[in-house]
Every structure is written in C-alpha cells, then in structure tokens.
Amino acid sequence: MTASNNRSSEYDIDPLFLDRWSPRAFSGEAMSKEALFAILEAGHWAPSAFNMQPWRFVYALKGDAHFDTLLGGLIEFNQGWAKNASALVYVVSDTLSRPADGSAPKPSRSHSFDAGAAWGYMALQAVKSGYYAHAMTGVDFDKASSVLGVPGEYRIEAAVAIGKLGDKSVLPEGLQAREVPNNRKPLAEVAFEGNFKA
C-alpha cells in the first residue's frame with residue numbers, strides 16, 4: 001500500500017501516481033516554452049502500436065497570440081476555469097495507420113488508445129516538473145477542429161489545461177468544494193481474472 005496526497009492505493013505503487021490529479025484552480029502564472037516542451041516531450045515518448053506515434057499536440061502559452069483561440073474551442077463551463085491555466089494543449093490523433101513503406105494508409109484501431117497513453121505521460125511529467133494537468137473532453141469539437149485547422153483524417157481527443165496549482169477561491173463557489181484529489185474504485189471492480197464482468 002502507498003499513501004500520498006491524502007490518497008492511498010491497495011498495492012505498492014510509486015507515489016507519483018497518487019500525487020497526479022486534475023485540479024481546476026490554476027494560478028495563471030507564466031510558463032516557459034521549455035517547461036511546456038518538457039511535458040510535450042514526455043508525451044512524445046509514449047508507446048504506440050507499430051511505433052506509428054499518432055499523437056499531435058496543438059499548444060499555446062497564456063499571453064501568446066493563440067491562447068484565446070484554443071480557449072475558445074472549449075465549452076463555456078471549461079473556459080471559465082481554464083482561462084487561468086499557463087498553457088493549453090489539444091491532443092489530436094491520426095486516425096489512419098500510415099506504413100513507413102509508403103503503402104496505402106488504412107484505419108488505425110489504436111489511435112485513441114495511443115494518444116491516451118501520450119496524455120498520461122504528459123500528466124505525470126507535469127507533476128514531476130511542478131505543474132498540474134487537467135484533461136477535458138468538454139470541447140466544441142467541430143469549432144475547435146475548424147479554428148485549429150485539423151484535417152478530416154485527424155481527431156481531437158481532448159484538451160489539456162496545464163499550470164501551477166492556484167487557490168480554489170478563483171473558482172465558482174460550486175466548484176470549490178470539488179477541488180480535492182479524488183479516489184478510485186477498488187481494483188476488484190475494474191480488474192477481472194479470466195473473463196469480463198459487468
């Protein structure tokens with residue numbers, strides 16, 4: 001058993017997995033491009049089927065010309081708190097498998113799975129770097145795809161807000177009580193020996 005961040009696991013794991021959580025209260029302080037690139041670099045090293053690396057990252061730092069565009073792709077609720085993030089990143093996946101031998105592309109079964117692995121690596125690197133990352137699917141996907149210029153064979157999987165932890169008082173009152181690391185279901189509810197159990 002491991003305990004950290006007011007959470008505990010049933011089995012012994014690295015505390016990093018308990019320290020990672022998805023806050024909404026960000027301080028809004030500036031983030032360097034180098035700090036963001038370290039997080040993106042970690043995501044870039046995620047495993048992928050046939051090493052296709054289907055993930056793509058569209059990013060903007062707070063205060064640059066693109067931040068408001070990326071922020072505008074989120075649903076209004078998420079814009080309300082993500083505006084205080086230091087960076088926004090859209091995780092996009094290539095829905096086609098594009099063989100290195102130049103043969104015709106075909107649909108990829110694992111593009112979302114692989115992009116999810118990249119997001120997970122980014123989230124862990126964020127914690128190691130002193131930041132927090134909150135992924136969200138509260139995105140106006142059609143609008144975001146259009147304004148970000150995402151081609152039709154690519155899919156926006158999620159948007160990610162990254163920043164330093166801020167005081168929960170910056171959030172609307174209804175969200176302040178929820179601004180704590182949550183727990184997980186018992187492992188036995190999600191891990192089944194031999195066959196699936198609903």
Side-chain angles (χ1 to χ4, degrees), residues 2-10 13 15-31 35-36 39-40 43 57-93 112 115-116 118-148 150 155-187 189-190 198:
T2 303
S4 186
N5 201 21
N6 295 312
R7 303 158 117 181
S8 60
S9 63
E10 294 178 64
I13 60 174
L16 177 65
F17 296 101
L18 302 176
D19 293 339
R20 187 227 58 84
W21 67 292
S22 300
R24 290 187 178 91
F26 291 108
S27 69
E29 67 186 82
M31 178 182 202
L36 175 60
I39 293 168
L40 297 178
F57 309 123
V58 179
Y59 66 88
L61 290 163
K62 187 173 183 69
D64 81 13
H66 304 289
F67 188 85
D68 287 343
T69 300
L70 272 65
L71 183 66
L74 305 177
I75 63 170
E76 187 174 343
F77 172 81
N78 285 337
Q79 288 181 36
W81 59 265
K83 66 185 179 190
N84 294 321
S86 302
L88 292 173
V89 178
Y90 281 74
V91 179
V92 180
S93 66
S112 291
W119 141 248
Y121 276 36
M122 289 168 55
L124 294 174
Q125 182 61 49
V127 173
K128 291 285 285 184
S129 299
Y131 292 91
Y132 289 89
H134 186 128
M136 62 201 111
T137 56
V139 173
D140 182 335
F141 289 100
D142 291 336
K143 177 182 178 182
S145 294
S146 176
V147 299
L148 300 179
V150 177
R155 172 186 150 121
I156 295 176
E157 299 291 346
V160 182
I162 302 171
K164 296 282 189 178
L165 193 60
D167 190 276
K168 65 182 179 181
S169 64
V170 302
L171 298 172
E173 190 173 327
L175 287 178
Q176 291 180 23
R178 295 171 49 190
E179 191 66 0
V180 294
N182 53 26
N183 285 303
R184 294 294 183 264
K185 298 174 182 178
L187 186 62
E189 289 186 22
V190 299

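The CZ atom of F26 lies 7.5 Å from the NE2 atom of H134; values are rounded to the nearest 0.5 Å. Rounding to the nearest 0.5 Å places CG of L171 at 6.0 Å from CD of Q176. Taking OG from S112 and CH2 from W119, the interatomic distance works out to 15.5 Å, rounded to the nearest 0.5 Å. In this structure, M136 CE and R24 CZ are separated by 9.0 Å, a value rounded to the nearest 0.5 Å. Rounding to the nearest 0.5 Å places CD1 of I39 at 11.0 Å from CZ of F57. Here CZ of F141 is found 8.5 Å from OH of Y90. Values are rounded to the nearest 0.5 Å.
Scanning all heavy atoms of the two residues, the minimum distance from L88 to L70 falls at O-CD2, 3.5 Å. Across every non-hydrogen atom of W81 and P23, the tightest pair is CZ3-O, 4.3 Å. When all heavy atoms of I156 and A144 are compared, the pair lying nearest together is CD1-CB, 3.7 Å. The shortest heavy-atom contact between T137 and A158 is CG2-CB, 4.3 Å. Considering every non-hydrogen atom in both A35 and Y131, the closest pair reads CB-OH, 3.8 Å. When all heavy atoms of A133 and V160 are compared, the closest pair comes out as CB-CG1, 3.9 Å.
Side-chain contact check for W21 versus L165: some heavy-atom pair is nearer than 4.5 Å. Using a 4.5 Å heavy-atom threshold, the side chains of K164 and Y132 count as separate. Contact of the K62 side chain with the M31 side chain is not registered, since no non-hydrogen atoms from C-beta on lie closer than 4.5 Å. F17 has its side chain out of reach of V127: every pair of non-hydrogen atoms, C-beta onward, lies at least 4.5 Å apart. Using a 4.5 Å heavy-atom threshold, the side chains of F77 and L175 count as touching. Under the 4.5 Å side-chain criterion, counting only non-hydrogen atoms from C-beta, L40 is in contact with V89.
With S86 contributing its side chain and E29 its backbone, the two residues share a donor-acceptor pair below 3.5 Å. Side-chain N or O atoms of E179 include one that pairs as donor or acceptor with a backbone N or O of A25 at under 3.5 Å. A distance-only check finds a donor-acceptor pair linking the side chain of R7 to the backbone of N182 [under 3.5 Å]. The backbone N or O of I75 sits nowhere less than 3.5 Å from a side-chain atom of N78 that would complete a donor-acceptor pair. Checking side-chain atoms of S146 against main-chain N and O of D142 turns up no donor-acceptor pair under 3.5 Å. Remark: the backbone N or O of G28 is not paired with any side-chain donor or acceptor of K83 at under 3.5 angstrom. Using modelled atom types, one side-chain atom of S9 and one backbone atom of T2 make a donor-acceptor pair closer than 3.5 Å. Listed for the D167 side chain is a donor-acceptor partner under 3.5 Å among the backbone atoms of S169. Judged by distance alone, with hydrogens and angles left aside, the side-chain atoms of K143 form a donor-acceptor pair with the main-chain N or O of G72 at under 3.5 Å.
With 3.5 Å as the limit, one finds a donor-acceptor pair spanning the side chains of S22 and R20.
The salt bridge (Lys or Arg N to Asp or Glu O under 4.0 Å) search around R155 returns E157, not counting sequence neighbours.
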